[in-house]
Amino acid sequence: MKHFYNAAAKILAPAIDMEVAEVEGLLLLPPKPEMGDIGFPCFSLAKKLRNAPPKIASEVIEKLEVTEPFSEINPVGPYINFVLSQKALTEASVSAALKDNWGESEEGKEKTVVIDYSSPNIAKPLGVHHIRSTMLGAALSRLYKATGWNVVTVNHLGDWGTNFGQLMVAYQAAVEAGENPATDIDSQLKLYVKYHDLKEANPTLEDEARNWFKKLEDKDEQATRLWTIFRDESIKGLEKLYTRLNVSFDHYTGESFYNDKMEDTANRISEKGILKESQGALVVDLEDSADIKEPCLIRKSDGATTYATRDLSAAEYRFNEYHFTKSLYVVANQQELHFRQVFSVLDRMGYDWAKGCEHIKFGMLSFGAGVFGEERTTGSTRKGNVIFLEDVLNKSVEKAREIISENARDEEVKADIDKLSEAVGVGAIVFTEFMQRRNKDVVFTWDKALNMQGESGPYLQYTHARLSSVIKKAGIDTTNSDLTKLTSRLERNVMLKIGDFPTIVSVSTKENEPSMIAEYLLDLCSEFNRMYADKKNHQIITDDKELSAARVQLVEATRKTLAKGLDLLGLYAPQRM
RNA sequence: GCGCUCGUAGCUCAGCUGGAUAGAGCACAAGAUUUCUAAUCUUGCGGUCACAGGUUCGAAUCCUGUCGGGCGUGCCA
């Protein structure tokens, strides 16, 4: 437990004539818990003391006084290993976990972080790949909240572009044919498909679509009215899914929001004297920066602004509006160069806050063999290689329902089956997002998405249900329980894991890596289940009242930690299943 | 070509600010339930940590090079 590294370093430092901070940096976790809880390798002392590391270890230990929070300090080969006292261990795990605000901190006190995530193009339903930015961003916003930050979430919708012209063409065609076309998000996709069919027969429609978009840009009343309908309906459709995913946003300020702000931004860049003409376009030259060669395009040769200009506007707006310390962009790593350029331009504009901007990039999602043919494929709406997120969720919920009804052990579960299968089915899908570090590319396969055993969301949820059930059955008053009874190896292992939770929350926030929470929860559950399964020695409800009370406390501390972790990831923690 | 990134068990991944015998899940084989939820647990099988050099008392981890995959590389966003 990192929590005690400083205490160990303080004991050790004077004995080996080193700075506390230096010693602390060398401390590590022994590979097996029975070796000790904190280890110090003596190799680096060998030269200074002209002695063999194992000898150093045993000699240094003679000089140490064993005090709280440790009960033993042992030489193990070339290592000096500290063992946490029962008191320290139970206080930093079980007792701490049962207090309010477990795992939370005030690291981000009075600081604001803006998180831009999900940010889909509207006018078509979310595809599976959208789950990456969406769940990553949602988890990050919860992590930052838990560490005391003021969080502002933004969905930077792709709500502007020539594709709206295309929709309007298809819509008008339907109206002229005497139909009354629907405008919900699924129908919008149909209009999009219909446009492409119509265009096949009549290529001039392309000009017509451009025309419609031009009208929209010129604030034509009819075009604006249609666009507003499409946008509102899209958001309505998106929110249906966001609700299922337990995701929400403070603002839907999409691309269209910056239409009237980009001119000013472009002018400011020009005023800074960093804008130059190149091949007919206006760019900011970045050649002198370390690893960006390509210039950032601010105005195309026809004078129009670009998406870099738009993101620059958005960055300025966000700072002026929220005065952020950090501004995160949870966007696929394909856009790495783009963001490096944008951040570099902000820096050149003299904005001190530019260094708070960070691209939280993640790997791309492709489809494994068997999803679309025998080859691995990338998603493409045009080729029909799309899997809609909603379909994936529904399929998973269906499977969860089957498993739950097979296993249902009481009437309460049966009565609750709609809610439970939704929670578990969606949980399974959401959890797949956190199964690997975010930078890894992900290959979607149905098997993996629908897995409900082993390392999976349902495994965590199942464990939570199990713990809840034991606590309920025990019905023990734990107010005066004696935690010194929890001394077995397996119990200590669970407590050590519990005690790691605050550190994990803190580190995964700093690294912008929610998958660390997922990994931690799997470890926690596996550690707990190992103890739980050893019924001979670790029966929770026993005749020994005091022991039972202590164990129930341990179960509750585990359950609470698990529930908190699941909540951070956006998974529901069921009482039974 | 250049930039970013990845390469660890048959598959999917941890471990990477250097430390103890490289760990999980899936798959495969065997086992555990009269008692707190078997969506669980135990055991076994499985490794030239892509390759080659280097630095170091010590390298999966740091450095250099090579090979292989992904993404990007100015008027789509």
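Order of the sequence lines sets the chain letters (A, B, ...), proteins ahead of strands, with each chain counted from 1. Scope of the values below: all heavy atoms of this structure, side chains included, with no hydrogens, waters or symmetry mates. Predicted model, so just to flag it, every value in this text is computed and none were measured.
The residue A/M452 sits close to a base: some heavy atom pair falls under 4.0 Å. Nucleic acid contact class of A/M435 (heavy atoms, under 4.0 Å, all strands): sugar-phosphate only. When heavy atoms are screened at a 4.0 angstrom cut-off, A/D311 is found touching no nucleic acid atom at all. No engagement by A/R551 is indicated, since no non-hydrogen atom pair under 4.0 Å with the nucleic acid exists. Residue-level contact check: A/F43 touches the bases, meaning some heavy atom is under 4.0 Å from a base atom. If you check every strand for non-hydrogen atoms under 4.0 Å, A/H538 touches a base. Among the protein residues, A/Q334 comes within range of the sugar-phosphate backbone only, with heavy atoms under 4.0 Å from sugar or phosphate atoms but none that close to a base. Among the heavy atoms of the strands, none lies under 4.0 Å from A/V555. Backbone-only contact: A/K47 has heavy atoms under 4.0 Å from sugar-phosphate atoms and none from a base. Among the heavy atoms of the strands lying under 4.0 Å from A/A281 is at least one base atom, whether or not backbone atoms are also near. Backbone-only engagement by A/R530 is indicated by non-hydrogen atom pairs under 4.0 Å involving sugar-phosphate atoms exclusively. Among the protein residues, A/E255 comes within range of the sugar-phosphate backbone only, with heavy atoms under 4.0 Å from sugar or phosphate atoms but none that close to a base. Within the 4.0 angstrom heavy-atom criterion, no nucleotide atom of any strand lies near A/R299. Among the atoms of the strands shown, none is found under 4.0 Å from any heavy atom of A/L26.
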Between A/E411 and A/K414, is a salt bridge (Lys or Arg N to Asp or Glu O under 4.0 Å) present by the stated rule, with each step listed?
-> CA-CA 5 Å; A/E411 290 308 311; A/K414 281 178 196 152; 3.6 Å; yes
Verdict with supporting geometry, A/D116 and A/R318, salt bridge (Lys or Arg N to Asp or Glu O under 4.0 Å) | CA-CA 10 Å; A/D116 171 335; A/R318 286 171 195 178; 3.1 Å; yes
Test ring-ring contact (aromatic ring centres under 6.0 Å, His included) on A/F257 and A/Y317 and set out the steps.
-> CA-CA 10 Å; A/F257 182 76; A/Y317 174 83; 4.9 Å; yes
Would A/F213 and A/F164 satisfy ring-ring contact (aromatic ring centres under 6.0 Å, His included), going step by step from the backbone distance to the final call?
-> CA-CA 6 Å; A/F213 181 61; A/F164 284 95; 7.8 Å; no
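Taking the nucleotide of RNA chain B with the nearest heavy atom to each of A/S301 and A/F40, the more 5' of the two is matched to A/F40. Both A/V443 and A/M531 lie near RNA chain B, and the one whose nearest nucleotide falls closer to the 5' end is A/V443.
B/U5 and B/C41 are spaced 36 Å apart, taking the P atom of each and rounding to whole Å. Here, B/U8 and B/A30 have their P atoms 30 Å apart, quoted to the whole Å. Between B/A24 and B/U42, the distance separating the two P atoms is 9 Å to the nearest Å. For the C1' atoms, the distance linking B/A60 with B/U48 amounts to 12 Å, nearest Å. For the P atom pair drawn from B/C16 and B/A20, the interatomic distance equals 12 Å after rounding to whole Å. Distance noted for atom P between B/G53 and B/C49: 13 Å (whole Å). Here the separation of B/A9 from B/A52, taken at their P atoms, is 16 Å to the nearest Å. B/G18 and B/U12 are spaced 29 Å apart, taking the P atom of each and rounding to whole Å.
Of the candidate nucleotides B/C36, B/U21, B/A39, B/A39 has the atom lying nearest to any side-chain atom of A/V424. Of the candidate nucleotides B/A20, B/U37, B/G74, B/A20 has the atom lying nearest to any side-chain atom of A/V76. Proximity note for A/K440 (side chain, C-beta onward) versus B/U35, B/U40, B/C13: the nearest is B/C13. Out of B/C36, B/C41, B/C75, the shortest distance to the side chain of A/A533 is found at B/C41. Checking B/C36, B/A39, B/C4 against the side-chain heavy atoms of A/Q453 singles out B/A39 as nearest. Comparing atom distances between the A/Y532 side chain and each of B/A39, B/U37, B/U73 picks out B/U37 as nearest.
Judged by atom type and distance alone, A/Q279 reaches the base of B/G74 through a side-chain donor-acceptor pair under 3.5 Å. Scanning atom types as modelled, one donor and one acceptor separated by under 3.5 angstrom connect the side chain of A/S278 and the base of B/G74. At a cut-off of 3.5 angstrom, the base of B/A20 holds at least one donor-acceptor pair with the side chain of A/N81.
Inspection of the A/N529 and A/Y459 side chains reveals an N or O donor paired with an N or O acceptor under 3.5 Å.
Residue A/K300 places at least one side-chain N or O under 4.0 Å from the OP1 or OP2 atom of B/A77. OP1 or OP2 of B/A38 lies within a sub-4.0 Å distance of a side-chain N or O belonging to A/R466. For the pair A/R437 and B/G15, the criterion of a side-chain N or O lying under 4.0 Å from OP1 or OP2 is met. Contact annotation: A/N407 side-chain N/O to B/A39 OP1/OP2 distance is under 4.0 Å. Of the side-chain N and O atoms in A/Y459, one or more sit less than 4.0 angstrom from OP1 or OP2 of B/C41. Under 4.0 angstrom from either OP1 or OP2 of B/A39 there lies at least one side-chain N or O belonging to A/Y462. Applying the 4.0 Å criterion to OP1 and OP2 of B/C36, one finds that A/S469 has every side-chain N and O outside that range. Residue A/K473 places at least one side-chain N or O closer than 4.0 Å to OP1 or OP2 of B/U37.
Each of A/R559, A/K560, A/Q553 was checked for a side chain to side chain donor-acceptor pair (under 3.5 Å) with A/E556, and the lone residue meeting it is A/R559. Exactly one residue among A/T306, A/D311, A/T305 makes a side chain to side chain donor-acceptor pair (under 3.5 Å) with A/T309. That residue is A/T306.
The pair A/E263-A/R299 meets the salt-bridge criterion, with a side-chain N (NZ, NE, NH1 or NH2) lying under 4.0 Å from an Asp/Glu carboxylate O. Between A/E491 and A/K485, no side-chain nitrogen of the basic residue sits less than 4.0 Å from a carboxylate oxygen of the acidic one, so the salt-bridge criterion is not met.
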Please, what dot-bracket string fits RNA chain B when only Watson-Crick and G-U pairs with both distances under 3.5 Å count, crossing ones use [ ] and pairs to another strand use |?
-> ((((((((.[[[[.)...(...]]]].(((((.......))))).....[[[[[..)....]]]]])))))))....
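One atom, CG of A/L467, and another, C1' of B/U40, lie 12 Å apart when rounded to the nearest Å. One interatomic measurement links the two molecules: CG of A/D447 to C1' of B/G25, which rounds to 14 Å at whole-angstrom precision. The CG atom of A/N439 sits 14 Å away from the P atom of B/C71 (whole-angstrom rounding). The distance from atom NE2 of A/H359 to atom C1' of B/A77 is 14 Å, rounded to the nearest whole Å.
Looking at heavy atoms from C-beta onward, A/M531 lies out of side-chain contact with A/N493 at the 4.5 angstrom threshold. In this structure, the side chains of A/Y532 and A/L490 stay at 4.5 Å or more apart for every pair of heavy atoms.
With sequence neighbours left out, A/D447 forms a salt bridge (charged side-chain N to carboxylate O under 4.0 Å, His left out) with no residue at all.
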